[in-house]
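Quick notes on the structure that follows.
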Amino acid sequence: MNVFGVDIGGSGIKGAPVDLERGELIEPRHKVLTPHPATPDGVAECVAQVVDHFGWSGPVGATFPGVVTGSTIRTAANVDKAWVGVDAGALLGERLGGMGVTVLNDADAAGVAEMTHGAGRGRKGTVIMLTFGTGIGSAVFIDGRLVPNTELGHLELHGHEAEKYASTKVKEDKDLSWQDWAHRVQKYLAHVEMLFSPELFIIGGGVSRKADKFLPLIEGIRAEMVPAELRNDAGIVGAAMAAGGR
Ligand code: BGC
């Protein structure tokens, strides 16, 4: 079965049709830049551009970088606050001409994809996927089952929100070396480990491509740490899986 997946992020909105059996994109993804401010109407227009690019008219799944209950947006840390309270499923569905749209948190989507088709395949116990990007997203799994809408990027660390201390945006803004950033990530992982004692951390987000530059620098974490395998496609694949009932 093929379903369309769209990943709505703070900098880009990207999507592609996904083969759910294989967990792979059927065609190269199409990306448009996220409008600023990233208002509901502006983002919906971009999602429509991405979907229309493929002439798609079936079910669609979309990620959102905030808490999503049902298909209503509850928080919007890194996109326009006008999203809070919006039924994103209804808004996007209407913009796409009445198609059904399933919406879920971006890190949850990426985690679901990794647990089925990537680094978390077959893993039992507590597994935590963390996505490092503009913010820090989290997806917690117990024996393969998602606990939705965890927001571990907003844990307090040294008096700051963790994502304002250890995201890749902070690395870029402060021009931190890999060593300095890895040190911050290590402190963050130690804090999450203290709270949850997971068996496995899956490290995701665009930076997972460069895992060899920072994962070997992280010490003293008991849990196994592995980079995400689906890289930047995890959100798209997970969104499509959610819409396809996987
Ligand atoms: C949001 C999360 C999101 C993460 C990654 C955080 O600021 O609160 O919901 O998963 O950023 O985009």
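Just so you know, ligand 1 is whichever comes first in the structure, and atom 1 is the first atom listed for that ligand.
- Close contacts of ligand 1 with N105, meaning ligand atoms under 4.0 Å from a residue heavy atom, involve 2 (C), 3 (C), 9 (O), 10 (O).
- Using a 3.5 Å distance cut-off with no hydrogens or angles, the side chains of T63 and D7 do pair a donor with an acceptor.
- Annotation for ligand 1: atoms under 4.0 Å from non-hydrogen atoms of E151 are 1 (C), 2 (C), 8 (O), 9 (O).
- Near G66, meaning under 4.0 Å from one of its heavy atoms, ligand 1 places the atoms 9 (O).
- Each of the following atoms of ligand 1 lies closer than 4.0 Å to a heavy atom of N78: 7 (O), 11 (O).
- In this structure, E193 contributes its side chain and A223 its backbone to a donor-acceptor pair below 3.5 Å.
- Listed by atom number, the atoms of ligand 1 under 4.0 Å from H154 heavy atoms are 1 (C), 6 (C), 7 (O), 8 (O).
- Here the side chain of D143 pairs no donor or acceptor atom with the backbone of K124 at under 3.5 angstrom.
- Summary of contacts: the protein heavy atom closest to atom 10 (O) of ligand 1 is D106 OD1, 2.5 Å.
- Nearest to atom 11 (O) of ligand 1 among the protein's heavy atoms is E163 OE1, 3.6 Å.
- Under a 4.0 Å criterion applied to the non-hydrogen atoms of G137, ligand 1 contributes the atoms 4 (C), 5 (C), 10 (O).
- Looking at I136 against ligand 1, only its backbone comes within 4.0 Å, counting heavy atoms.
- For W83 (side chain) and T72 (main-chain N/O), no donor-acceptor pair under 3.5 Å exists by modelled atom type.
- For the pair E151 and R74, the salt-bridge criterion is not met [side-chain N within less than 4.0 Å of a carboxylate O].
- Only the side chain of A77 comes within contact range of ligand 1, with a heavy atom under 4.0 Å; no backbone atom does.
- Side-chain atoms of Q186 come within 3.5 Å of backbone N or O of E219 as a donor-acceptor pair.
- Checking side-chain atoms of K81 against main-chain N and O of A76 turns up a donor-acceptor pair under 3.5 Å.
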